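Reminder, nothing fancy here: chain letters follow the sequence lines and each chain counts from 1. Please read all numbers here as calculations on a predicted model, not as lab measurements.
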There are 2 protein chains.
Amino acid sequence: MYTAILANVARYVALTAAEQQAFTNQLQPQHVARHGLLQPAGPPVRYLAFVVRGCVRTYTTDARGREHVLAFAPEGWWSSNFTSALSAPRAYLSLQALEDTEVLLLRLDQLEELCLQVPKFERFFRLLFQNGYLLAQRRLTARAHLSAEARYARFCRHYPQLHQRVALKHIASFLGITPEFLSTLRGRQV
Amino acid sequence: MYTAILANVARYVALTAAEQQAFTNQLQPQHVARHGLLQPAGPPVRYLAFVVRGCVRTYTTDARGREHVLAFAPEGWWSSNFTSALSAPRAYLSLQALEDTEVLLLRLDQLEELCLQVPKFERFFRLLFQNGYLLAQRRLTARAHLSAEARYARFCRHYPQLHQRVALKHIASFLGITPEFLSTLRGRQV
DNA sequence: TTAATTTCTTAAACTAGTTTAAGGAGCGTA
DNA sequence: TACGCTCCTTAAACTAGTTTAAGAAATTAA
C-alpha cells in the first residue's frame, strides 16, 4: 500500500521508521472507480494526491462549462487541486480517475502539520513544488514556442504510455486544441 | 539594502539576527543597467533573483530566435532562470533588466546550502515555490479559458503599474500574442 | 538640432485552429 | 441481440490571431 509513496519520498529525504509512521498516519487511502472524482473526507479543501494505481486527470471548468485538462498523473505521480481564484474565490481544481484508481490523499493542513512535526518534509515538499513549478513553466514555454502539431508529437514522445491510456479528447484539452483538430492532426501523420 | 528581502522572508518565517546574517551573507548584490542581463558571478548556473529596485523580465528564445516572456518581476518580487531542457540540456531562462535595476542573487547551490544551515529556509522556499507553482498553473488556465482580449484586460487590472512601465511588445509576448495584434486590441477599446 | 534606431500603429492578405454538422465506431447494459 | 450512449472522424464554413508591409512616433546618440 505505502511502498510506492515511501520510495517516492526516499528519492529526496531519508526517513526513520517513526517518521514513516507519522507520514503514513496522515494519508487517507481512497479507491476511486473509473470516471469518479477524488475528494478527501470532510468539506472541500486543498489537497495533494499520490497515485498508487490507475490514472488521474486534473481539470478546470470555465464559465461556459467547458473543461480544460491541466495535468495527468499515472502511477507514482503526485497531483493536486491547488489553484487560485481565477474566477471565483475557493475555486478548486477537480481530479478525476480515468481508470479504476487507488490514491493516497493528503490535505494541505495535514501537510503543514506534518512539516511542523517532521522538518524533513519541508525539504521534500520544497523539492516537489520546485519541480512542479518547473514543469508548469515548461508547459507555458511549449505553448508559446510550438505549433499544436509539434506539441502533440512532443506529448507522444514524452508520455507514450499515457497516449495509449487516455482518451483523445482529454489529450486535446491538455494540448489546448479541440478534439476535432487533434483528430485531423492524427490523420495527417499516417 | 537588505530591508525589503528580510521583510519578504519574514512574511513566512521568523529569523534570528544570526540567521539573517547567514542569509544575507549568501546573497550577491548586483546593479544592472537598463537592458542589461542578470548573471551571478562565475559560470552559468540556476539562480533566484530578488528585485530590490527596478523591473526584470524572464524570457526564453526559441529555435527561430524569437523571444517569449514568461514573467515580470518589479520591486519586491522573486524571479528565477529555472527551466528544464525543452530544447537543449542546460537551457536556462534569461533575465533582463527593463530599467536601472538592483537585485540580490542567490544561486541554487547556495540555496541548498542555506537550507541545510538554517532549516527554516526549507519552509520559506517550500512556500515560495508552492506559490510560484500556483501562479504558473493559473496562467496556463488563463490561456485555456480566455481570449487574447480578456487576457489583456485581466493583465491591466492585475498589474496596472506594469502596464505603464513595460514596453507593449513585452506585454504582447507575455500574453502570447503579436505586438501588432495587441496594438489593434488597444485601438478597439478606446 | 539632426540622424539613426527602435517601438508603435494601421491595414490587407493570410493561416492555424475552431465551429458546426453528420456519420461511424466502439462499448456497456439490458 | 439491439439499444443507447459517448467517443472518434471527416469535411466545409468560419474566425481569432499572424504575417507582411509601410508609415508615424518615440528614444537614443552625436
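The aromatic ring centroids of Y159(B) and F72(B) lie 6.0 Å or more from each other. F82(B) has its ring centre no less than 6.0 Å from the ring centre of Y133(A).
Taking atom CZ of R186(B) as the reference point, atom C1' of dA11(C) lies 18 Å away to the nearest angstrom. Between L185(A) atom CG and dA16(C) atom C1' the separation is 10 Å, expressed in whole Å. Going from atom NE2 of H35(A) over to atom P of dT6(D) covers 11 Å, rounded to whole Å. Between the CD atom of E180(A) and the C1' atom of dT10(D) there is a distance of 10 Å, given to the nearest Å. What separates CD of E67(A) from C1' of dT6(D) is a distance of 13 Å, to the nearest Å. Following rounding to the nearest Å, L182(B) (CG) and dC8(C) (C1') show an atom-to-atom distance of 10 Å. The nearest whole Å value for the distance from the NE2 atom in H145(A) to the P atom in dT18(D) is 14 Å. If you take CZ of F181(A) and P of dC8(D), they are 17 Å apart, rounded to a whole angstrom.
L162(B) and L168(B) fall within the same hydrophobic cluster, where Ile, Leu, Val, Met, Phe, Trp and Tyr residues are linked whenever their side-chain heavy atoms come under 4.5 Å apart, directly or through other members. Taking hydrophobic clusters as Ile, Leu, Val, Met, Phe, Trp and Tyr residues chained together by side-chain heavy-atom distances below 4.5 Å, L182(B) shares a cluster with L98(B).
Relative to the ring axis of F174(A), R139(A) places its NZ or CZ within 45° and under 6.0 Å from the centre.
For D100(A), the side chain to side chain donor-acceptor pair (under 3.5 Å) test picks out H31(A), with sequence neighbours left out.
The side-chain heavy atoms of S79(B) and L48(B), taken from C-beta on, include no pair separated by under 4.5 Å.
Residue contacts shown for R34(B) are limited to sugar-phosphate atoms, with no base heavy atom under 4.0 Å away. R66(B) comes within contact range of the sugar-phosphate backbone alone, with a heavy-atom separation under 4.0 Å but no base atom that close.
Nearest nucleotide to the I177(B) side chain, out of dT10(D), dT18(D), dG17(C): dT18(D).
Contacts between residues 163-176 of chain A and DNA chain D, defined by a heavy-atom separation under 4.0 Å, are made by A167(A), L168(A), K169(A).
At dT18(D), one or more side-chain N or O atoms of T178(B) fall inside 4.0 Å of OP1 or OP2 (strictly under the cut-off).
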